[in-house]
Amino acid sequence: MAIIKQEDLIESIADALQYISYYHPLDFIQALEKAYHKEESQAAKDAIAQILINSRMSAHGKRPICQDTGIVTCFVKVGMAVQWDNTDLTVQQMVDEGTRRAYLNPDNPLRASIVKDPAGARINTKDNTPAVVHIDMVPGNEIEVMIAAKGGGSENKSKMVMLNPSDSIADWVVKTLPTMGAGWCPPGMLGIGIGGTAEKAGVLAKESLMDPVNIQELIDKGAETAEEKLRLEIYERVNKLGIGAQGLGGLTTVVDIKINSVPTHAASKPVVMIPNCAATRHVHFHLDGSGPADLSPPKLEDWPEITWEVGENVRRVNVDDLKKADISDWKTGETVLLSGTILTGRDAAHKRIQDMLAKGEKLPVDFTDKFIYYVGPVDAIGDEAVGPAGPTTATRMDKFTEMMLAETGLLGTIGKAERGPETVESIKNHKSVYLMAVGGAAYLVSKAIKKAKVVAFEDMGMEAIYEFEVEDMPVTVAVDSRGESAHVTGPAIWQAKIEDLDKKLSK
(Lines give C-alpha, C1' and ligand atoms only; values in the text may rest on other atoms or scores of the structure.)
Protein backbone atom coordinates (compact mmCIF):
# COMPACT_ATOMS: atom_id res chain seq x y z
CA MET A 1 0.00 0.00 0.00
CA ALA A 2 1.25 3.48 -0.90
CA ILE A 3 0.29 6.60 1.01
CA ILE A 4 -0.07 9.56 -1.36
CA LYS A 5 -0.04 13.07 -0.01
CA GLN A 6 -2.77 15.28 -1.41
CA GLU A 7 -0.27 18.14 -1.58
CA ASP A 8 2.01 16.03 -3.81
CA LEU A 9 -0.75 15.61 -6.39
CA ILE A 10 -1.71 19.30 -6.19
CA GLU A 11 1.89 20.43 -6.58
CA SER A 12 2.47 17.97 -9.43
CA ILE A 13 -0.62 19.20 -11.29
CA ALA A 14 0.51 22.83 -10.93
CA ASP A 15 4.05 22.02 -12.08
CA ALA A 16 2.79 19.95 -15.01
CA LEU A 17 0.51 22.71 -16.30
CA GLN A 18 3.31 25.25 -16.13
CA TYR A 19 5.63 22.76 -17.84
CA ILE A 20 3.33 22.07 -20.79
CA SER A 21 2.52 25.74 -21.23
CA TYR A 22 6.02 26.32 -22.64
CA TYR A 23 7.41 22.87 -23.54
CA HIS A 24 6.08 21.05 -26.57
CA PRO A 25 6.48 17.25 -26.38
CA LEU A 26 9.77 16.54 -28.14
CA ASP A 27 8.25 13.82 -30.33
CA PHE A 28 5.77 16.37 -31.71
CA ILE A 29 8.56 18.86 -32.46
CA GLN A 30 10.54 16.15 -34.26
CA ALA A 31 7.49 15.30 -36.36
CA LEU A 32 6.98 18.98 -37.23
CA GLU A 33 10.63 19.29 -38.21
CA LYS A 34 10.25 16.36 -40.63
CA ALA A 35 7.13 18.00 -42.05
CA TYR A 36 9.04 21.28 -42.46
CA HIS A 37 11.86 19.72 -44.47
CA LYS A 38 9.39 17.73 -46.58
CA GLU A 39 7.03 20.64 -47.30
CA GLU A 40 6.99 22.08 -50.84
CA SER A 41 4.27 24.70 -50.34
CA GLN A 42 6.06 27.92 -49.39
CA ALA A 43 3.10 29.28 -47.42
CA ALA A 44 2.83 26.08 -45.40
CA LYS A 45 6.60 25.87 -44.93
CA ASP A 46 6.69 29.43 -43.61
CA ALA A 47 3.85 28.64 -41.18
CA ILE A 48 5.60 25.54 -39.84
CA ALA A 49 8.83 27.52 -39.49
CA GLN A 50 7.08 30.12 -37.34
CA ILE A 51 5.55 27.38 -35.16
CA LEU A 52 8.97 25.77 -34.63
CA ILE A 53 10.67 29.09 -33.90
CA ASN A 54 7.89 29.99 -31.49
CA SER A 55 8.32 26.64 -29.73
CA ARG A 56 12.03 27.23 -29.16
CA MET A 57 11.40 30.81 -27.98
CA SER A 58 8.72 29.63 -25.53
CA ALA A 59 10.97 26.89 -24.16
CA HIS A 60 13.81 29.38 -23.63
CA GLY A 61 11.62 32.16 -22.22
CA LYS A 62 9.28 29.85 -20.29
CA ARG A 63 6.24 31.64 -21.65
CA PRO A 64 3.14 30.07 -23.22
CA ILE A 65 3.37 28.49 -26.67
CA CYS A 66 -0.14 29.76 -27.40
CA GLN A 67 -2.19 32.53 -25.84
CA ASP A 68 -5.04 30.02 -25.49
CA THR A 69 -3.58 28.12 -22.55
CA GLY A 70 -6.50 25.76 -22.76
CA ILE A 71 -9.10 23.89 -20.82
CA VAL A 72 -7.40 21.41 -18.50
CA THR A 73 -8.17 17.77 -19.21
CA CYS A 74 -6.78 15.28 -16.72
CA PHE A 75 -6.87 11.48 -16.73
CA VAL A 76 -6.15 10.13 -13.24
CA LYS A 77 -5.66 6.39 -12.79
CA VAL A 78 -5.71 5.58 -9.06
CA GLY A 79 -4.28 2.26 -7.91
CA MET A 80 -6.66 0.20 -5.81
CA ALA A 81 -3.98 -0.08 -3.12
CA VAL A 82 -3.45 3.67 -2.84
CA GLN A 83 -4.32 5.44 0.40
CA TRP A 84 -4.48 9.22 0.74
CA ASP A 85 -2.84 11.00 3.67
CA ASN A 86 -6.18 12.62 4.43
CA THR A 87 -9.62 12.77 2.87
CA ASP A 88 -10.61 16.42 3.04
CA LEU A 89 -10.36 16.89 -0.75
CA THR A 90 -11.69 14.85 -3.66
CA VAL A 91 -9.49 14.07 -6.68
CA GLN A 92 -11.44 16.69 -8.65
CA GLN A 93 -10.75 19.29 -5.96
CA MET A 94 -7.05 18.41 -5.88
CA VAL A 95 -6.75 18.77 -9.65
CA ASP A 96 -8.66 22.05 -9.49
CA GLU A 97 -6.36 23.43 -6.79
CA GLY A 98 -3.31 22.50 -8.87
CA THR A 99 -4.91 24.15 -11.88
CA ARG A 100 -5.63 27.29 -9.87
CA ARG A 101 -2.02 27.55 -8.70
CA ALA A 102 -0.65 27.01 -12.20
CA TYR A 103 -2.85 29.58 -13.91
CA LEU A 104 -2.30 32.24 -11.24
CA ASN A 105 1.47 31.73 -11.10
CA PRO A 106 2.92 35.28 -11.11
CA ASP A 107 6.12 34.19 -12.87
CA ASN A 108 4.19 32.79 -15.84
CA PRO A 109 0.49 33.66 -15.59
CA LEU A 110 -1.66 31.55 -17.89
CA ARG A 111 -4.79 32.87 -19.55
CA ALA A 112 -7.98 31.98 -17.72
CA SER A 113 -10.48 30.92 -20.37
CA ILE A 114 -13.11 28.94 -18.44
CA VAL A 115 -16.59 30.45 -18.02
CA LYS A 116 -19.33 29.28 -15.68
CA ASP A 117 -23.04 29.39 -16.52
CA PRO A 118 -22.18 28.40 -20.13
CA ALA A 119 -25.77 28.63 -21.34
CA GLY A 120 -26.33 31.98 -19.63
CA ALA A 121 -24.08 34.80 -18.44
CA ARG A 122 -20.80 32.95 -19.27
CA ILE A 123 -18.80 34.56 -16.47
CA ASN A 124 -15.07 33.86 -16.35
CA THR A 125 -14.04 31.86 -13.27
CA LYS A 126 -10.72 33.82 -13.25
CA ASP A 127 -8.53 30.80 -12.40
CA ASN A 128 -9.31 28.37 -15.26
CA THR A 129 -11.15 25.97 -12.97
CA PRO A 130 -12.83 23.59 -12.99
CA ALA A 131 -10.72 21.10 -14.91
CA VAL A 132 -12.25 18.17 -16.79
CA VAL A 133 -11.17 15.13 -14.79
CA HIS A 134 -11.57 11.46 -15.74
CA ILE A 135 -10.89 9.03 -12.87
CA ASP A 136 -10.25 5.29 -13.22
CA MET A 137 -9.57 2.80 -10.44
CA VAL A 138 -6.84 0.40 -11.60
CA PRO A 139 -4.69 -2.34 -10.07
CA GLY A 140 -1.54 -1.27 -8.20
CA ASN A 141 -0.28 1.14 -5.59
CA GLU A 142 0.53 4.18 -7.77
CA ILE A 143 -1.28 7.09 -9.33
CA GLU A 144 -0.80 7.72 -13.03
CA VAL A 145 -1.71 11.13 -14.40
CA MET A 146 -2.01 12.22 -18.01
CA ILE A 147 -2.75 15.92 -18.26
CA ALA A 148 -3.29 18.24 -21.20
CA ALA A 149 -4.27 21.85 -21.86
CA LYS A 150 -6.61 21.82 -24.85
CA GLY A 151 -7.17 25.00 -26.85
CA GLY A 152 -10.69 26.03 -27.80
CA GLY A 153 -9.88 26.39 -31.50
CA SER A 154 -9.17 22.68 -31.90
CA GLU A 155 -11.68 21.48 -29.31
CA ASN A 156 -14.46 23.31 -31.15
CA LYS A 157 -13.82 21.22 -34.26
CA SER A 158 -14.59 17.89 -32.56
CA LYS A 159 -17.00 15.70 -34.52
CA MET A 160 -19.22 12.80 -33.52
CA VAL A 161 -21.21 10.36 -35.63
CA MET A 162 -23.19 7.16 -35.15
CA LEU A 163 -22.20 5.12 -38.19
CA ASN A 164 -23.87 1.96 -39.42
CA PRO A 165 -21.80 -1.11 -38.57
CA SER A 166 -20.82 -1.57 -42.22
CA ASP A 167 -19.83 2.07 -42.82
CA SER A 168 -16.20 3.06 -43.43
CA ILE A 169 -14.64 5.12 -40.65
CA ALA A 170 -11.88 6.34 -42.98
CA ASP A 171 -14.45 7.54 -45.52
CA TRP A 172 -16.26 9.50 -42.80
CA VAL A 173 -13.02 11.13 -41.59
CA VAL A 174 -11.91 12.11 -45.09
CA LYS A 175 -15.37 13.53 -45.85
CA THR A 176 -15.65 15.38 -42.53
CA LEU A 177 -12.18 16.89 -42.11
CA PRO A 178 -12.48 19.50 -44.91
CA THR A 179 -15.70 20.78 -43.31
CA MET A 180 -13.79 21.57 -40.10
CA GLY A 181 -11.83 24.40 -41.69
CA ALA A 182 -8.42 25.46 -40.36
CA GLY A 183 -9.50 26.69 -36.93
CA TRP A 184 -7.89 23.63 -35.35
CA CYS A 185 -4.48 24.93 -36.49
CA PRO A 186 -3.00 22.10 -38.54
CA PRO A 187 -0.57 20.42 -38.72
CA GLY A 188 -1.54 18.43 -35.69
CA MET A 189 -3.02 15.07 -34.77
CA LEU A 190 -6.44 13.46 -34.97
CA GLY A 191 -7.65 11.44 -32.01
CA ILE A 192 -10.36 8.94 -32.91
CA GLY A 193 -12.50 7.04 -30.43
CA ILE A 194 -14.50 4.05 -31.65
CA GLY A 195 -17.10 2.00 -29.84
CA GLY A 196 -18.78 1.96 -26.48
CA THR A 197 -21.47 4.64 -26.45
CA ALA A 198 -21.45 8.22 -27.68
CA GLU A 199 -19.90 9.68 -24.53
CA LYS A 200 -17.40 6.82 -24.18
CA ALA A 201 -16.16 7.35 -27.74
CA GLY A 202 -15.47 10.99 -26.92
CA VAL A 203 -13.36 10.09 -23.88
CA LEU A 204 -11.49 7.47 -25.92
CA ALA A 205 -10.69 10.01 -28.61
CA LYS A 206 -9.39 12.54 -26.10
CA GLU A 207 -7.29 9.97 -24.26
CA SER A 208 -5.73 8.75 -27.52
CA LEU A 209 -4.20 12.19 -28.00
CA MET A 210 -2.07 11.59 -24.91
CA ASP A 211 -0.09 8.92 -26.77
CA PRO A 212 3.30 9.67 -28.35
CA VAL A 213 3.75 10.50 -32.04
CA ASN A 214 4.82 7.21 -33.60
CA ILE A 215 3.24 6.95 -37.05
CA GLN A 216 6.63 6.64 -38.73
CA GLU A 217 7.50 3.62 -36.60
CA LEU A 218 4.19 2.06 -37.61
CA ILE A 219 4.90 2.75 -41.28
CA ASP A 220 8.32 1.15 -40.94
CA LYS A 221 7.10 -2.04 -39.21
CA GLY A 222 3.82 -2.35 -41.10
CA ALA A 223 0.27 -2.59 -39.79
CA GLU A 224 -0.76 -5.81 -38.05
CA THR A 225 -4.15 -5.01 -36.48
CA ALA A 226 -7.32 -3.47 -37.82
CA GLU A 227 -6.66 -0.31 -35.79
CA GLU A 228 -3.13 0.02 -37.14
CA LYS A 229 -4.36 -0.43 -40.71
CA LEU A 230 -7.01 2.22 -40.11
CA ARG A 231 -4.42 4.63 -38.67
CA LEU A 232 -2.26 4.30 -41.79
CA GLU A 233 -5.19 4.59 -44.19
CA ILE A 234 -6.52 7.76 -42.55
CA TYR A 235 -3.01 9.27 -42.26
CA GLU A 236 -2.34 8.77 -45.97
CA ARG A 237 -5.76 9.88 -47.20
CA VAL A 238 -5.97 12.96 -44.96
CA ASN A 239 -2.57 14.24 -46.07
CA LYS A 240 -3.62 13.78 -49.69
CA LEU A 241 -6.41 16.32 -49.12
CA GLY A 242 -3.79 19.07 -49.48
CA ILE A 243 -5.18 21.13 -46.56
CA GLY A 244 -1.69 21.76 -45.22
CA ALA A 245 -0.35 23.95 -42.43
CA GLN A 246 -2.88 26.55 -41.26
CA GLY A 247 -5.18 25.40 -44.08
CA LEU A 248 -3.10 27.24 -46.69
CA GLY A 249 -2.43 24.16 -48.81
CA GLY A 250 0.47 21.74 -48.52
CA LEU A 251 1.75 18.22 -48.04
CA THR A 252 1.29 17.76 -44.27
CA THR A 253 -2.07 18.21 -42.57
CA VAL A 254 -1.56 15.66 -39.79
CA VAL A 255 1.61 14.26 -38.21
CA ASP A 256 -0.17 11.29 -36.65
CA ILE A 257 -3.51 9.52 -36.26
CA LYS A 258 -4.34 8.06 -32.85
CA ILE A 259 -7.12 5.52 -32.27
CA ASN A 260 -8.69 4.01 -29.13
CA SER A 261 -11.54 1.52 -29.30
CA VAL A 262 -13.71 -0.58 -26.99
CA PRO A 263 -16.53 -3.08 -27.64
CA THR A 264 -19.89 -1.65 -28.63
CA HIS A 265 -23.49 -2.67 -29.30
CA ALA A 266 -23.99 -4.89 -32.36
CA ALA A 267 -26.25 -2.27 -33.93
CA SER A 268 -23.91 0.67 -33.22
CA LYS A 269 -20.67 2.18 -34.41
CA PRO A 270 -20.09 5.41 -32.45
CA VAL A 271 -17.10 7.40 -33.69
CA VAL A 272 -15.67 10.64 -32.28
CA MET A 273 -12.86 12.62 -33.90
CA ILE A 274 -11.01 15.27 -31.88
CA PRO A 275 -8.14 17.23 -33.45
CA ASN A 276 -5.06 18.38 -31.58
CA CYS A 277 -3.56 21.62 -32.83
CA ALA A 278 -0.01 22.83 -33.45
CA ALA A 279 0.06 23.79 -29.75
CA THR A 280 -0.14 20.15 -28.66
CA ARG A 281 0.48 20.13 -24.89
CA HIS A 282 0.44 17.12 -22.60
CA VAL A 283 2.63 15.29 -20.07
CA HIS A 284 2.47 12.05 -18.07
CA PHE A 285 3.70 11.38 -14.55
CA HIS A 286 3.39 8.85 -11.71
CA LEU A 287 3.13 9.27 -7.95
CA ASP A 288 4.22 6.44 -5.64
CA GLY A 289 4.28 8.17 -2.27
CA SER A 290 7.89 9.35 -2.49
CA GLY A 291 6.96 12.97 -3.27
CA PRO A 292 5.69 15.15 -6.12
CA ALA A 293 6.46 14.34 -9.73
CA ASP A 294 9.91 15.22 -11.06
CA LEU A 295 9.38 16.80 -14.48
CA SER A 296 12.83 17.12 -16.01
CA PRO A 297 13.21 19.92 -18.57
CA PRO A 298 13.88 18.67 -22.09
CA LYS A 299 17.23 19.34 -23.77
CA LEU A 300 16.72 22.51 -25.78
CA GLU A 301 19.55 21.52 -28.11
CA ASP A 302 17.13 18.86 -29.39
CA TRP A 303 14.93 21.63 -30.79
CA PRO A 304 15.66 22.28 -34.50
CA GLU A 305 17.56 25.42 -35.48
CA ILE A 306 14.96 26.69 -37.93
CA THR A 307 15.09 30.24 -39.23
CA TRP A 308 12.36 32.18 -40.97
CA GLU A 309 12.89 35.28 -43.04
CA VAL A 310 10.37 37.14 -45.11
CA GLY A 311 10.90 36.57 -48.81
CA GLU A 312 10.87 38.92 -51.74
CA ASN A 313 7.06 38.96 -51.92
CA VAL A 314 6.68 41.12 -48.82
CA ARG A 315 4.98 44.44 -48.21
CA ARG A 316 5.81 46.70 -45.26
CA VAL A 317 3.02 49.09 -44.31
CA ASN A 318 2.17 51.69 -41.68
CA VAL A 319 -1.42 50.86 -40.78
CA ASP A 320 -2.00 54.35 -39.36
CA ASP A 321 -1.87 55.81 -42.86
CA LEU A 322 -3.93 53.20 -44.73
CA LYS A 323 -7.13 53.82 -46.66
CA LYS A 324 -9.20 51.44 -48.79
CA ALA A 325 -7.39 52.52 -51.94
CA ASP A 326 -4.08 51.46 -50.38
CA ILE A 327 -5.16 47.86 -49.81
CA SER A 328 -6.84 47.37 -53.17
CA ASP A 329 -3.74 45.87 -54.79
CA TRP A 330 -2.86 43.49 -51.94
CA LYS A 331 -2.99 39.93 -53.27
CA THR A 332 -3.94 36.67 -51.59
CA GLY A 333 -0.86 34.83 -50.34
CA GLU A 334 1.22 37.98 -50.03
CA THR A 335 3.19 38.54 -46.81
CA VAL A 336 2.57 41.88 -45.11
CA LEU A 337 4.51 43.35 -42.19
CA LEU A 338 2.29 45.65 -40.15
CA SER A 339 3.53 48.62 -38.16
CA GLY A 340 1.43 51.18 -36.30
CA THR A 341 -1.73 50.93 -34.22
CA ILE A 342 -4.26 48.09 -34.36
CA LEU A 343 -7.24 47.28 -32.15
CA THR A 344 -8.31 43.92 -30.74
CA GLY A 345 -11.66 42.28 -30.18
CA ARG A 346 -13.14 38.81 -29.75
CA ASP A 347 -16.62 37.29 -29.49
CA ALA A 348 -17.81 39.08 -26.34
CA ALA A 349 -16.56 42.49 -27.49
CA HIS A 350 -18.26 42.09 -30.86
CA LYS A 351 -21.54 41.14 -29.17
CA ARG A 352 -21.38 44.21 -26.93
CA ILE A 353 -20.62 46.42 -29.94
CA GLN A 354 -23.62 44.92 -31.70
CA ASP A 355 -25.86 45.68 -28.73
CA MET A 356 -24.57 49.25 -28.46
CA LEU A 357 -25.13 49.94 -32.16
CA ALA A 358 -28.66 48.51 -31.93
CA LYS A 359 -29.39 50.96 -29.10
CA GLY A 360 -27.88 53.89 -30.98
CA GLU A 361 -25.10 54.28 -28.39
CA LYS A 362 -21.71 55.72 -29.22
CA LEU A 363 -18.92 53.18 -29.35
CA PRO A 364 -16.02 53.71 -26.92
CA VAL A 365 -13.49 53.15 -29.72
CA ASP A 366 -13.23 54.62 -33.23
CA PHE A 367 -12.70 51.78 -35.71
CA THR A 368 -12.51 54.04 -38.78
CA ASP A 369 -9.74 52.86 -41.12
CA LYS A 370 -8.42 50.51 -38.42
CA PHE A 371 -7.60 46.80 -38.35
CA ILE A 372 -9.08 44.65 -35.62
CA TYR A 373 -7.07 41.68 -34.40
CA TYR A 374 -9.02 38.73 -33.05
CA VAL A 375 -6.98 37.94 -29.94
CA GLY A 376 -7.23 37.43 -26.19
CA PRO A 377 -3.66 37.88 -24.94
CA VAL A 378 -1.91 36.42 -21.92
CA ASP A 379 -1.09 38.97 -19.20
CA ALA A 380 2.33 40.59 -19.51
CA ILE A 381 5.17 40.00 -17.06
CA GLY A 382 8.40 41.93 -16.52
CA ASP A 383 9.14 44.34 -19.35
CA GLU A 384 6.74 42.68 -21.81
CA ALA A 385 4.25 44.94 -23.57
CA VAL A 386 1.88 41.98 -23.64
CA GLY A 387 2.06 38.25 -23.09
CA PRO A 388 1.75 35.68 -25.88
CA ALA A 389 -0.85 37.01 -28.28
CA GLY A 390 -1.61 34.70 -31.17
CA PRO A 391 -4.81 34.87 -33.22
CA THR A 392 -8.09 33.23 -32.38
CA THR A 393 -10.37 31.61 -34.95
CA ALA A 394 -11.74 34.29 -37.25
CA THR A 395 -14.73 32.19 -38.32
CA ARG A 396 -16.41 32.82 -34.97
CA MET A 397 -16.52 36.52 -35.83
CA ASP A 398 -18.15 35.95 -39.23
CA LYS A 399 -21.60 36.75 -37.82
CA PHE A 400 -20.37 40.23 -36.87
CA THR A 401 -18.17 41.09 -39.86
CA GLU A 402 -20.77 42.69 -42.10
CA MET A 403 -21.86 44.90 -39.19
CA MET A 404 -18.28 45.94 -38.42
CA LEU A 405 -17.43 46.73 -42.04
CA ALA A 406 -20.71 48.49 -42.80
CA GLU A 407 -21.29 50.44 -39.57
CA THR A 408 -17.94 51.17 -37.93
CA GLY A 409 -15.65 52.11 -40.82
CA LEU A 410 -13.36 49.15 -40.07
CA LEU A 411 -10.68 48.70 -42.73
CA GLY A 412 -9.75 45.05 -42.23
CA THR A 413 -9.53 42.08 -39.88
CA ILE A 414 -6.74 39.82 -38.59
CA GLY A 415 -7.16 36.30 -37.23
CA LYS A 416 -6.52 32.66 -38.00
CA ALA A 417 -8.31 30.11 -40.20
CA GLU A 418 -10.77 30.67 -43.01
CA ARG A 419 -13.74 33.00 -43.42
CA GLY A 420 -17.14 31.69 -44.51
CA PRO A 421 -18.52 32.35 -48.02
CA GLU A 422 -20.88 35.12 -46.88
CA THR A 423 -18.07 36.87 -45.01
CA VAL A 424 -15.74 36.60 -47.99
CA GLU A 425 -18.46 38.23 -50.08
CA SER A 426 -18.84 40.96 -47.46
CA ILE A 427 -15.09 41.60 -47.49
CA LYS A 428 -15.24 41.84 -51.28
CA ASN A 429 -18.24 44.19 -51.28
CA HIS A 430 -16.60 46.55 -48.79
CA LYS A 431 -13.20 46.39 -50.54
CA SER A 432 -11.72 45.17 -47.27
CA VAL A 433 -9.08 42.48 -46.59
CA TYR A 434 -8.65 39.64 -44.12
CA LEU A 435 -5.13 38.99 -42.87
CA MET A 436 -4.01 35.74 -41.25
CA ALA A 437 -1.48 35.38 -38.44
CA VAL A 438 -0.09 31.93 -37.65
CA GLY A 439 -1.95 30.03 -34.96
CA GLY A 440 0.49 28.34 -32.61
CA ALA A 441 3.09 31.12 -32.82
CA ALA A 442 1.74 33.34 -30.04
CA TYR A 443 5.02 34.17 -28.31
CA LEU A 444 6.67 35.00 -31.63
CA VAL A 445 3.79 37.30 -32.58
CA SER A 446 3.91 39.05 -29.19
CA LYS A 447 7.46 40.21 -29.87
CA ALA A 448 6.09 42.44 -32.65
CA ILE A 449 3.79 44.19 -30.13
CA LYS A 450 5.70 47.10 -28.62
CA LYS A 451 2.95 48.74 -26.56
CA ALA A 452 -0.45 47.58 -25.33
CA LYS A 453 -3.27 49.13 -23.34
CA VAL A 454 -6.92 48.38 -22.67
CA VAL A 455 -9.14 50.98 -24.35
CA ALA A 456 -12.62 49.55 -23.82
CA PHE A 457 -14.62 46.83 -22.01
CA GLU A 458 -12.02 46.30 -19.29
CA ASP A 459 -14.52 44.22 -17.32
CA MET A 460 -14.23 41.48 -19.94
CA GLY A 461 -10.69 40.54 -18.95
CA MET A 462 -8.89 38.93 -21.88
CA GLU A 463 -11.94 39.70 -24.05
CA ALA A 464 -11.43 43.46 -23.57
CA ILE A 465 -10.52 45.72 -26.48
CA TYR A 466 -6.81 46.52 -26.51
CA GLU A 467 -4.83 48.99 -28.55
CA PHE A 468 -1.59 47.43 -29.79
CA GLU A 469 1.33 49.34 -31.23
CA VAL A 470 3.04 46.85 -33.52
CA GLU A 471 6.26 46.79 -35.48
CA ASP A 472 6.71 44.42 -38.44
CA MET A 473 3.94 42.07 -37.32
CA PRO A 474 3.93 39.24 -39.90
CA VAL A 475 0.62 38.37 -41.54
CA THR A 476 -0.55 36.79 -44.79
CA VAL A 477 -3.29 38.16 -47.02
CA ALA A 478 -5.88 35.39 -46.68
CA VAL A 479 -8.80 37.19 -48.38
CA ASP A 480 -8.05 40.09 -50.69
CA SER A 481 -10.33 42.96 -51.70
CA ARG A 482 -11.46 40.99 -54.76
CA GLY A 483 -12.72 38.13 -52.59
CA GLU A 484 -10.05 35.52 -53.35
CA SER A 485 -9.51 33.26 -50.34
CA ALA A 486 -6.21 31.47 -49.71
CA HIS A 487 -8.09 28.84 -47.71
CA VAL A 488 -10.06 27.92 -50.84
CA THR A 489 -7.40 28.20 -53.53
CA GLY A 490 -4.46 26.80 -51.52
CA PRO A 491 -5.86 23.37 -50.60
CA ALA A 492 -7.43 22.96 -54.05
CA ILE A 493 -4.09 23.61 -55.75
CA TRP A 494 -2.18 21.27 -53.47
CA GLN A 495 -4.74 18.47 -53.62
CA ALA A 496 -4.41 18.56 -57.41
CA LYS A 497 -0.60 18.61 -57.19
CA ILE A 498 -0.61 15.60 -54.85
CA GLU A 499 -2.94 13.70 -57.19
CA ASP A 500 -0.64 14.46 -60.15
CA LEU A 501 2.39 13.31 -58.18
CA ASP A 502 0.65 10.04 -57.24
CA LYS A 503 -0.22 9.41 -60.90
CA LYS A 504 3.39 9.93 -61.93
CA LEU A 505 4.65 7.59 -59.22
CA SER A 506 2.14 4.89 -60.16
CA LYS A 507 3.28 4.76 -63.81
Side-chain angles (χ1 to χ4, degrees), residues 10-29 32 50-75 95-114 124-133 145-155 185 188 209-210 276-285 292-300 303 375-382 384 386-392 438-447 461-462:
I10 293 169
E11 183 179 336
S12 299
I13 293 291
D15 289 347
L17 291 171
Q18 278 287 310
Y19 183 97
I20 64 176
S21 76
Y22 43 74
Y23 290 141
H24 264 122
L26 182 57
D27 55 6
F28 184 73
I29 288 301
L32 276 186
Q50 290 186 55
I51 293 168
L52 287 170
I53 293 167
N54 181 79
S55 179
R56 174 178 276 276
M57 289 174 60
S58 294
H60 274 292
K62 294 190 175 180
R63 293 292 275 141
I65 294 164
C66 179
Q67 80 289 338
D68 184 349
T69 47
I71 183 169
V72 174
T73 302
C74 192
F75 291 87
V95 174
D96 284 346
E97 177 57 27
T99 299
R100 185 174 296 110
R101 293 183 190 181
Y103 279 74
L104 299 179
N105 187 318
D107 295 327
N108 181 39
L110 307 180
R111 197 186 79 182
S113 301
I114 305 306
N124 198 299
T125 63
K126 305 296 185 182
D127 59 9
N128 222 58
T129 65
V132 177
V133 183
V145 176
M146 298 182 291
I147 192 165
K150 189 71 159 54
S154 60
E155 189 69 8
C185 282
L209 292 170
M210 304 289 183
N276 235 13
C277 64
T280 288
R281 295 162 294 198
H282 62 87
V283 72
H284 303 185
F285 61 85
D294 180 17
L295 300 173
S296 300
K299 296 179 181 178
L300 295 188
W303 261 244
V375 62
V378 174
D379 289 342
I381 62 170
E384 292 179 339
V386 71
T392 196
V438 172
Y443 196 38
L444 177 64
V445 171
S446 72
K447 296 305 179 184
M462 65 95 175

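Note that OG of Ser21 is 13.0 Å distant from CZ of Arg111, once rounded to the nearest 0.5 Å. Between His282 atom NE2 and Phe28 atom CZ the span is 9.0 Å, to the nearest 0.5 Å. A distance of 9.0 Å separates CG of Asp96 from OG1 of Thr125, quoted to the nearest 0.5 Å. Tyr19 OH to Leu295 CG: the interatomic distance, rounded to the nearest 0.5 Å, is 6.0 Å. Between the CD1 atom of Ile51 and the NE2 atom of His24 there is a distance of 7.5 Å, given to the nearest 0.5 Å. From Ile65, atom CD1 reaches atom SG of Cys277 across 9.0 Å, with rounding to the nearest 0.5 Å.
A pairwise comparison of heavy atoms in Ala441 and Gln50 identifies CB-O, 3.9 Å as the closest pair. Summarising the geometry of Ser12 relative to Ala293, their closest heavy-atom pair is OG-N, 2.8 Å, with the distance given to 0.1 Å. The heavy-atom pair separating Pro391 from Gln67 by the smallest distance is O-NE2, 3.4 Å. Contact between Gly387 and Ser446 at its shortest, heavy atoms only, is O-CB, 3.4 Å. Taking every heavy atom of both residues into account, Val145 and Ile13 meet most closely at CG1-CD1, 4.1 Å. Closest heavy-atom contact between Val445 and Ala389: CG1-O, 3.5 Å.
When side chains are defined from C-beta on, Ile29 does not count as touching Tyr23, because their heavy atoms never get closer than 4.5 Å. Looking at Trp303 and Leu26, their side chains come closer than 4.5 Å, going by heavy atoms from C-beta outward. Considering only heavy atoms from C-beta on, Arg63 comes within 4.5 Å of Val378 through its side chain. With contacts defined as side-chain heavy-atom distances shorter than 4.5 Å, the pair Asn108/Pro64 qualifies. With a 4.5 Å cut-off on side-chain heavy atoms, Tyr443 and His60 do not count as touching. Two residues are said to be in side-chain contact when any heavy atoms from C-beta on lie closer than 4.5 Å; Ile381 and Asp107 fail this criterion. Side-chain contact between Val132 and Lys150 is absent, with no heavy-atom pair separated by less than 4.5 Å. Using a 4.5 Å heavy-atom cutoff, the side chains of Tyr22 and Leu110 are not in contact.
With hydrogens and angles disregarded, no donor-acceptor distance shorter than 3.5 Å links the side chain of Arg281 to the backbone of Ile20. Side-chain atoms of Asp68 do not come within 3.5 Å of backbone N or O of Gly151 as any donor-acceptor pair. A donor-acceptor contact shorter than 3.5 Å is absent between the side chain of Asn128 and the backbone of Thr99. A donor-acceptor contact shorter than 3.5 Å is absent between the side chain of Asn276 and the backbone of Ser154.
Residue Tyr103 is tested with Asp127, Thr129, Val72 for a side-chain contact (heavy atoms from CB on, under 4.5 Å); the sole match is Val72.
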